[in-house]
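Here's the structure we're looking at; comments come further down.
Because the structure is a prediction, the values reported are computed rather than measured.
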Amino acid sequence: MKKKYLIPAVALATFGVIAGCSSNSDDFSSPVSAGDKQVSSEGIAVVNVQDAKAHMALYRRSVVDSRQFDASTSEELENASVTIDSTFENGNIAVNADVTVKDDSTYTVASAGVDGDGAAWIVQVEDGAVVYSWRDKADGEWKKFETDKVCDKNKLNNIRVEHAESVVVIVVNGKIEGAFRNGAEISVKGKITIGFDKKESGKCHCKNGKIDQIDVEVVKDIKDTVESVVDTTATCKTSPKGCGDVHVEKGDSLKLDETWIAEWSFNDSANVGLDVTGHGHNADVTEGAVSAVDGIAAFDGRSGFSVKLDSKIKINDFVVEARVKPTKFGTMQNIIVAEPPGRGVDGWQLRIDEGVLTVHLRDAEKDGDDWSIFPGERMALDEWNDIRLERSADSVKLFQNGKVTVAAAYKGDLTQMAYDWSIGYDGMQQNFHDRYFIGEMDYVRFGKLGSFTEGSVTEKVEKPLVAWEFNEPTFVGLDRMANNSTKYLVGEPEVVDTTVVLDGKSGLVVPLSKTFKRNTFAVEARVKPTKFGEMQNIIVAEPPGRYGTGWIVRLDNGVLTVHFRDEDVDGMEWNLYKGDKLALDEWTKIRVERTADSIKVFQNDNLAVKAAAKGDVSALGYDIGIGYDAMMQAKHNRFFVGEIDYIRYYGL
């Protein structure tokens, strides 16, 4: 379906380039390409749907203003405006509106800067088409981009227009109907008006339609990494090492865990090689690329990590555990190795040789150039294997899925290492063998042998990606994991005795980061409601309006409810799961688990809901709300009333 792009005739004679925007798509800094669409001679690069979706996924949205109109009239809309301030300083703005238009004449959904002295834009519906018009400066010519006729008369239509960097995307009833790049600067001055415009004196383009609800949003980058906004050594006083190494025990607080020296669990897709113990032994991708989806790292036979050698990992009695699923066998497929290049240095290896799990040890003073090799049993392709290697001062033991496959004497000192370690390949890049692991890894971890019960595979400890503990009165939104702290407060949430007190008018906004853009996760909370209401949000990743992917954990008149929606699968419908009613003025522990194929809801450790999972809810686009609906949708009062002891978010 070809989109129309119209340029005023007065501009065509000398157009060539609009505000530095070449018709050559390679000249644009935006990651979106014109694909196989024709680039117009007027300088607008049309963007195909898939590229538009990819571009939108790079940004998060925050609702700045949300309005609901019972019967929007021209008089009512004359006062419906949003002041433009520093919030909109980069010009990346979106409007999302439910609109009904009565006839084919022009109706204005929103405008910005028309009353100012600089750049401006207008979103209108004309003869069923959505029209985006803009000017680059106060005396500049107006230009416009127009979709096909996609809005039905006298029916409610959801219209969304988003400007992010140089890309404008028009979405109607959940479908992208037009996208283009114009390179224009739209950092505007004046007001954002709703339901009318001031482009022409005496004409508001507002009498032939109505708006039920509209959201005005700012659009910002989702950073690859989220930096802590606090000094964790100052706020996490319980440990000189800070807050990094934690696990959950029975009870209500996070305890520091000093067991593992290093653990790579691949739960943070933005930082795949993160050492989740907080001890700083992060693994860097040094060859190829390693992707992680839902806590599983994928190795393609051309990639791997390296870990900087450190005195804390140069020990002689140690434990290595890993959970791996090989998908193809080869000559030397390294899982984790402390392996020197060439000869004459201490080292060890845990790898798969033609499907057989093997352990290699070398004390250079005792063994010289030779390796002591201990083969275990052959592994199965495309199946998960639990592996545990125990190395004491005088022996080596290997466990495969709980079974002892190696038990042998080995006296020697392996601490005279000299080279960095590697995960998934031979980081020494010795080129006479193909030394890449091919398959998936759930985790790899390393610790001191004396800290563990001999011979038992330690259960994988669940560590939160985010933990709001509400223990800091002067920093209500501190994330103890130092990844997703927030200072964005609505109302006056107050920390009292290590809980946050919410009065029905307060909440916290957490900027969306890649941490939350996943399909499998768990949310835990301990809450004490003091008053019930229609929709009381505990934590939500909820899109405004009728479309979008998201999830919600909330109370509906006291009943715990969980909502999931994949817009591509569900459209505008939510998948709703109801738990049990909570008691007023009593503490309740809540845990919601979403795996690839199931949804479970626990209340006070009792299973309240079990259902099949549907869709993929990772494609989030809006900020996270704690204690309320951060999208500020005006249709309902969505504030939680009571106390929250903690909220934790895990990768599964």
Side-chain angles (χ1 to χ4, degrees), residues 29-32 52 55-68 80-97 109-116 118-123 132 134 158-171 179 181-182 184-194 211 213-224 226-227 229 477 484-490 507-514 516-517 540-545 547-550 619-626 628-634:
S29 60
S30 168
V32 177
H55 178 77
M56 294 174 74
L58 299 175
Y59 299 85
R60 64 180 178 87
R61 291 92 189 154
S62 302
V63 177
V64 175
D65 199 286
S66 182
R67 306 286 182 91
Q68 182 183 4
S81 61
V82 179
T83 300
I84 296 175
D85 54 22
S86 60
T87 305
F88 304 101
E89 62 186 6
N90 67 354
N92 291 348
I93 305 172
V95 291
N96 190 81
V109 178
S111 73
V114 176
D115 60 332
W121 54 260
I122 303 175
V123 179
Y132 177 84
W134 75 96
N158 179 260
I159 297 172
R160 175 180 182 82
V161 177
E162 175 172 309
H163 190 292
E165 303 306 332
S166 62
V167 179
V168 177
V169 182
I170 301 172
V171 184
R181 293 188 295 175
N182 66 353
E185 172 62 51
I186 64 159
S187 184
V188 297
K189 298 178 180 179
K191 291 185 179 296
I192 298 175
T193 62
I194 297 170
I211 294 175
Q213 179 167 327
I214 188 168
D215 300 314
V216 179
E217 308 168 10
V218 292
V219 184
K220 298 181 179 180
D221 285 328
I222 298 176
K223 301 299 182 183
D224 288 339
V226 181
E227 297 181 359
V229 297
N484 289 274
S485 298
T486 175
K487 289 184 177 178
Y488 297 96
L489 308 178
V490 175
L508 296 92
V509 186
V510 182
L512 178 64
S513 72
K514 288 187 176 180
F516 301 102
K517 293 173 74 69
V540 297
E542 178 185 9
Y547 298 94
T549 296
L620 304 177
Y622 291 86
D623 291 341
I624 309 297
I626 294 177
Y628 84 121
D629 166 26
M631 299 303 101
M632 298 190 294
Q633 298 178 76

Could you measure the distance from the [atom1] atom of [X] to the [atom2] atom of [Y]? Nearest 0.5 Å is fine.
X      : Y      : atom1 : atom2 : answer
Ile624 : Leu508 : CD1   : CG    : 12.5 Å
Leu512 : Asp221 : CG    : CG    : 12.0 Å
Ser513 : Leu620 : OG    : CG    : 10.0 Å
Asn96  : Glu162 : CG    : CD    : 9.5 Å

Original post:
Can you name the ring pair (Phe, Tyr, Trp, His ring centres under 6.0 Å) partners of Phe516, sequence neighbours left out?
Top reply: Tyr649
Testing the basics here: between [X] and [Y], what is the closest heavy-atom pair and its distance to 0.1 Å?
X      : Y      : result
Arg61  : Met56  : NH2-O, 2.7 Å
Lys517 : Ala619 : NZ-C, 4.1 Å
Val219 : Ala164 : CG1-CB, 4.0 Å
Tyr622 : Glu542 : CB-O, 4.1 Å
Val109 : Ala97  : CG1-CB, 3.8 Å
Ser111 : Ile122 : CB-CG1, 3.8 Å

Original post:
Quick one: salt bridge (Lys or Arg N to Asp or Glu O under 4.0 Å) partners of Arg60, sequence neighbours excluded?
Top reply: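 Arg60 satisfies salt bridge (Lys or Arg N to Asp or Glu O under 4.0 Å) with Asp623 once adjacent residues are dropped.
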**OP:** Given side-chain contact (heavy atoms from CB on, under 4.5 Å), test His163 with Asn92 step by step and report yes or no.
**Re:** CA-CA 5 Å; His163 190 292; Asn92 291 348; 4.0 Å; yes
Original post:
Is Tyr628 close to Val540 at the side-chain level, that is, under 4.5 Å between some pair of heavy atoms?
Top reply: no
Subject >> Partner of Trp121 under side-chain contact (heavy atoms from CB on, under 4.5 Å), chosen from Val161, Val95, Val114 >> reply: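 When side-chain contact (heavy atoms from CB on, under 4.5 Å) is applied between Trp121 and each of Val161, Val95, Val114, only Val95 qualifies.
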Subject >> Backbone of Ala57 reached by a side-chain donor or acceptor of His55 within 3.5 Å >> reply: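 No; judged by distance alone, with no hydrogens or angles, the pair does not exist.
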